Amino acid sequence: MDKSANIDELVEQFKTLPGGLIPLLHAVKHAVGYIPNESVPQIAIGFNLSRAEVHGVISFYHDFNTSPVGQHTVQICRAEACQSMGSRQIEAHAKKSLGIEYGETTKDGRVTLQPVYCLGNCACSPSMRIDDDIYARVSPASFDQLISELYVPAAGNAGEKR
Amino acid sequence: MSASKIERLVKMVNQISLNMSSNGPADFVAMQVSEHLEKFWSPPMKNLISEHIADQNIGLSPISLKAVIELAAIQKAK
Amino acid sequence: METDPYQLIEGMTIAGLAVGANQGYIYLRSEYPVAHKILNKAIERATEAGFLGKNICNSNSDFFLEVRLGAGAYICGEETSLLESLEGKRGMVRAKPPLPAIEGLFGKPTVVNNVLTLGAAASILEQGSETYKDFGMGRSRGTLAVQLAGNVKRGGVIELAFGVTLREVVEDFGGGTYSGRPIRAIQMGGPLGAFLPASQWDTPLDYEAFAAIKAMIGHGGIVVFDDTVDMAAQARFAMEFCAVESCGKCTPCRIGATRGVEVIDRIVNNQDRDNNLILLTDLCDTMELGSLCAMGGMTPFPVRSALTYFAEDFSGESPREN
Amino acid sequence: MLEFYEPQPDFGTPQSDSETLVTLTIDGISVTVPEGTSVMRAASEGGVKIPRLCATDSLKSFGSCRICLVEIEGRRGFPASCTTTVTEGMEVRTQSSEIGKLRRNVMELYISDHPLDCLTCPTNGDCELQDTAGEVGLRAVRYGFEGENHLVAEKDESNPYFTFDPSKCILCSRCVRACEEVQGTFALTIDGRGFDSKVSAGQAESFMESECVSCGACVDACPTATLTEKSIIELGKPEHSVVTTCAYCGVGCSFKAEMKGNEVVRMTPYKDGKANEGHACVKGRFAFGYTTHKDRITKPMIRESIDDPWREVSWDEAVSYTAERFKAIQAKYGRISIGAISSSRCTNEEVYLVQKMVRTGFGNNNIDTCARVCHSPTGFGLKTTLGESAGTQTFASVEKADVVIVMGANPTEAHPVFASRLKRRLREGAKLIVIDPRQIELVRSPHIVADYHLPVRPGTNVTVLNALAHVIVNEGLQAHDYIAERCETADFEKWVQFIADERHSPEHTEQFSGVPAADLRAAARLYATGGNGAIFYGLGVTEHSQGSTAVMGIANLAMLTGNLGRDGVGVNPLRGQNNVQGSCDMGSFPHELPGYRHVSNVATRQLFEREWGVTLDSEPGLRIPNMFDAAIDGDFKGLYCQGEDIAQSDPNTHHVEAALKAIECLVVQDIFLNETAKFAHVFLPGATFLEKDGTFTNAERRISRVRKTMPPLSGKADWEGTMALANALGCNMHYNHPSEIMDEIAKLTPTFSGVSYKKLDELGSIQWPCNDHTPAGTPIMHVDEFVRGKGFFAITEYVPTEERANRKFPLLLTTGRILSQYNVGAQTRRTSNSQWHAEDTLEIHPHDAEERGINHGDWVGIQSRVGQTVLHADVTSRVKPGVVYTTFHHPVSGANVITTDNSDWATNCPEYKVTAVQISKVTAPSSWQARQKSFDTQQLQLLEKARH
């Protein structure tokens, strides 16, 4: 994929949308997997902003990573409801079993682990998110199960998906 | 590629005439051109161009020629 | 938003018509991908059915609705920060005045309300304001959608009239803890809400009653903790959360939250404990009175309540995680 | 205006311009201020200082530092005084024990993440953080210094003039906001958020790599040592300061020269300067190092021939040598065989003296000035149509403009401080029409988009102006009543006949100008109907064979739409050099005495003859190009050239060099051995603006004081040098101070009759006319009627330039300036500004480049009808196909080797902006460049000999 050409198309698509920078950045992230620093100048030109401004926006939001992440993003909820149901243990387990800290990606490039503050699933804590799927009542065992499925092609969904 | 003295002056007068050409009838324009020359040109330049009224070949446009004739008259009157 | 998106769409349309706005935005956290899909689908269907868009229901009025996804910034729930984010900028809190109703999104007058308020609009119009007003107590009228969560047997959303006590909600509706252990603390109103000890659970859900005990109802979220909770860790988390999610504009929040974590750590580690307790109280004052918005202003609520009602957890002797 | 160094007062938030007044009490003191004023500003005006860090009166209130909290009766909590506006009857308390504690605690948080190196900090004693910590009484930091912090953050030293030390940053965002609100570049942002927030230039890169234009607004705004001038780090805090006027462009910014003894420590923009209101650019703010550069020549020198070594001599010897040579030349070749060129960089007083010396000492009118080659058409065109040879507005007037036309000017590069004002107005919603062959920054840059860009083909401005007028007239959009009341109606009717003709329609002129008819029509409608319309133009209008016609076309458009005579409108020439307006005012043209009065006018002449005690020549003298021609013809043999590098700046270098070589006695007065001086026989050392007293007049007719900060390095200011020469020639000039020269100017010139140094000190600056009718000056001209009485619609026929593209020379070259360099670069090249622009390059469109096999960075030969030079190619779509562009800041570029002798029909202003050229890939510099290099080397060797 020619990233820059693709980003140009997206810039064209979003530049006239009022406040369209954040929707664009989501779209770029969706298309490329991250917001390449090299794309900032073309985004800035499209939106009639300075490079600094675009950089400021990207760096403000946790969602907008500027380097590639793993094939799958796993987010563990750290908010209070999940804490009350043992999310700290899940966190510790996840870091240990994947062998990475928050913000890191497994060596095989499969999984990036991130903290998240509330997935809106507080009644069924603790929760985690894998890509666009939310999982409830996560335990160390179900975590391992879900991760192992990421390594199976076309995995079905186990666990208590909401 | 410096042109000769008189060539340069002729070119200048013609340029002025051309730029004033739409200001009115030919006589009116010629008068304006001569006023312009009188107002902005130094005496040696005015004298040199005036000396060439009779010379048909220096390339003055008709309006320019008329203007230079008027200029010469003004010069003479001084 | 996930189970009855049309209630929100209807409420926003009503609000739009009421103030003469023809563009509405739902600013949705990106952490809610399910709600995102459902809302977009619902808007698409409502538009197809003529309830949104140009000339809605042949009323000669237009109302367009769009979902805008946040990008991982809790602060963008603050109304001015939300507006900045909707404008495609950093979600930095604006100083008020001007209020958004005067100068809001793209410099235009803007009504900013939460989902609960807009969700209530349709039924109020349908049943009349008197009916709605009949619910509740004191100055807190109508109903509240309580989100019962955390260590609770039966969690979920319950719409209740104001006035019911916290204990009734947690015990009668929630059925006690999920773990079966005794409840120790209840946090009401979100991450910036106070932790309430057993002695306060009989407080009725009423804005004034909660304000009187230095707590808040906030968005109606209730998180139940059983007796394994380490309240010093929860206080620390409140500061840590503020440090992670602060927009960074004002000093009390930007530096204060980070210092808060450090001071709490020193307290639980018994380093110059008495002076650090005074310092933590001073810091809470500074954040509460000095911050630009509620993020820094209310972070002290969970901290202070934990410190006041669960002081034993700060002794450095109770088992702590982290 | 010498004063001990003290920062200028800061009211915390900007002034409100409301006319409604509000009265409140602050700490029991009753204060009355305009509605919309912040509590903080009201307190300052009432003499109560509220401590603060993120507030400064050049920026909108922000509310982030939380130091300025106050108590307001009837309001909960502690509102920030910067973001709270006053209301009638409000009662404010700025001090209480609660407030005190809160402020102290906030300050404690700041200092918990700040290095404790006040005593060795470069801004020790000049630091708002330090002051405020003192004001709030901070005595301890209970958090300790072991916590998370930014103390090891790396310094950015990339900018040559200032350092960015993030370890000292308090995240007040003043720098970011200054870059946005004041400068309008948006080069800074906050990276990240929360505790991790940090100020970032561009995409977290160094300042030099970022979009930063080094205007210094961030440095001015910084309340700590985070952004600090390197000169302050090196030399320490200044001890006194002198208010003076910048010697770069025609904006005429006021500066405080901050001094230690005779050394300038820094230049800071002066808030009370009306032209700049506290803003500056990279040149005025930082590029003053040339004033003490080792290349300065501080002793007079003479030599017989240009192949001889220079010989240092005393002023007396140099002056009497010159006088004798000049007298001998006049004796041999006649009275009119010598002349002088004065400089738009020198003061009004100096320029006045030069023309006085010529008219009295030389006994002729052979005086011209460098304005000849830039804005002489402005003088001619505006005088013809409106009656006065000057711009009509103040710069501040643009804040009331609704539609702005920028034509043939590139303000963000050449008039940056004005550009910042303009951009601010555009961000507020004013519309913009750019008429320029290039896509200049104003066409599209962060937060700025021109509504219409009319990319006119070089040389066809008049067709565009005529077409704009044609649309307005044919669509009936003209200001009928205004014209009927204020203009010559018979001439107007005649002009309508002319302009309504189909040959001026956009559809017809498109073939010449290349401007799409639809855009042109839309732009015309916008200007005619969009409210207050203001036109700003530059050398892209004047430096053409029809420069004067275009100026008249602009004046016609303004009169046609009623856009003259009030705030927010007008016709505004953006003058190139600092004192172009002044040098013209001072009688520097060969046909005019000071105040634009023709030499043939008997009454005027008599006035001057009485004062000067001589008989004056009633005939015009030679213009600069005439002087060159006459020199080549052997009629012109002596020239005194002050502060002007004609060898580099005048067109057709071969021709100029031939003329200079033909002159028997060339006297150059300059601060450096410039290109012209390499052909000179006498060199008189010049003084910089820091070394003399005087006045400059900027593009808005604003006369501002230039004040001496140090003695002249050569012992004489330029006016003293001229005076010595004049006296050696037998004149009787005795001035002890330039104020006496100004008094003479005021006595002889009606538009200046009310000007004096005393009044300038009182008012700060004065916009002429200043006389009994307008004792405080005239911000806006032609208010009730035009200076000439009725406005005159001049006929503006389009006459194509002879300089046309053809098969042999298929491209049109046009020239311009860049921000960091100034004109021929004599000053800026001797500063670190060259780090931004080390060489001139040729901009060429990718299509034209590809056709010629040219890649970005290749050497390209530029061949015109008169010469060839070689530059590196910059392949860019800023220029359109068929047009190439370069700057002319470096002598070696030889931009003027290729420009031709063509000039404006009315004023002989050279046609710098149109040269037909061919471009080809080459491998080495041109033969002229090689010759220039060896000549340069030879001349520098001859200079070395003088110094040893």
Side-chain angles (χ1 to χ4, degrees), chain A residues 3-5 7-8 11-22 24-26 28-29 32 34-69 78-79 101-104 114-118, chain D residues 156 164 166 171 173 175-181 183-215 217-218 412 420 423 426-427 429 432 439 441-451 453 876-878:
Chain A
K3 281 180 203 161
S4 69
I7 291 170
D8 271 339
V11 169
E12 276 307 303
Q13 190 184 330
F14 284 97
K15 71 180 189 186
T16 52
L17 183 71
L21 180 58
I22 288 169
L24 168 88
L25 293 172
H26 275 301
V28 171
K29 184 180 166 172
V32 186
Y34 66 107
I35 320 281
N37 281 325
E38 315 83 74
S39 70
V40 170
Q42 65 194 108
I43 294 172
I45 289 168
F47 279 77
N48 220 26
L49 299 168
S50 66
R51 290 190 291 114
E53 288 175 287
V54 176
H55 175 76
V57 171
I58 293 170
S59 68
F60 184 87
Y61 295 98
H62 295 323
D63 281 3
F64 299 140
N65 47 309
T66 54
S67 51
V69 289
R78 299 193 69 205
E101 290 296 312
Y102 277 142
E104 294 178 355
Q114 291 173 348
V116 68
Y117 295 86
C118 195
Chain D
D156 173 2
F164 173 60
L171 268 297
S173 297
C175 53
V176 179
R177 291 182 285 141
C179 193
E180 296 177 359
E181 294 175 32
Q183 165 59 22
T185 294
F186 296 77
L188 303 180
T189 187
I190 303 292
D191 178 299
R193 72 160 115 123
F195 193 78
D196 294 334
S197 303
K198 53 182 186 285
V199 169
S200 151
Q203 299 172 248
E205 54 210 304
S206 74
F207 271 73
M208 276 305 266
E209 288 166 327
S210 77
E211 297 139 308
C212 169
V213 294
S214 197
C215 68
C218 57
T412 52
S420 291
K423 284 170 118 180
L426 295 172
R427 290 197 303 274
L432 175 66
Q439 186 177 328
E441 197 183 312
L442 283 176
V443 172
R444 194 177 171 85
S445 54
H447 301 273
I448 301 291
V449 186
D451 296 86
H453 173 213
T876 169
S877 48
R878 271 192 299 277

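In the text below, chain A, chain B and the rest are named by the order of the sequence lines, each starting its count at 1. Just so we're clear, the structure is a prediction, and the values are computed from it rather than from any experiment.
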task = Mind listing the closest non-hydrogen atom pair of D/Ile448 and A/Asn48 along with its distance?
result = O-ND2, 3.1 Å
key: Heavy-atom contact with chain A under 4.5 Å, split by part of D/Ser197   = neither
ask   = Which atom names give the shortest non-hydrogen contact between A/Ser59 and D/Gly192, and what distance separates them?
value = OG-N, 2.8 Å
note = Heavy-atom closest pair (A/Ala52 atom, D/Thr189 atom, distance to 0.1 Å) is O-CG2, 3.1 Å
ask   = Say you draw a straight line from NE2 of D/His447 to CG of A/Leu49; how long is it, rounded to the nearest 0.5 Å?
value = 5.0 Å
message = Under a 3.5 Å distance rule, please check whether D/Arg193 uses its side chain to pair with a backbone N or O of A/Phe60 as donor and acceptor.
response = yes
request  = Considering non-hydrogen atoms only, spot the tightest contact between A/Arg51 and D/Glu205 and give its length.
outcome  = NH1-OE2, 2.5 Å
A/Asn37 backbone acceptor or donor facing D/Gln203 side chain under 3.5 Å = yes
ask   = For D/Asp191, which residues count as a side chain to side chain donor-acceptor pair (under 3.5 Å) partner, sequence neighbours excluded?
value = A/His55
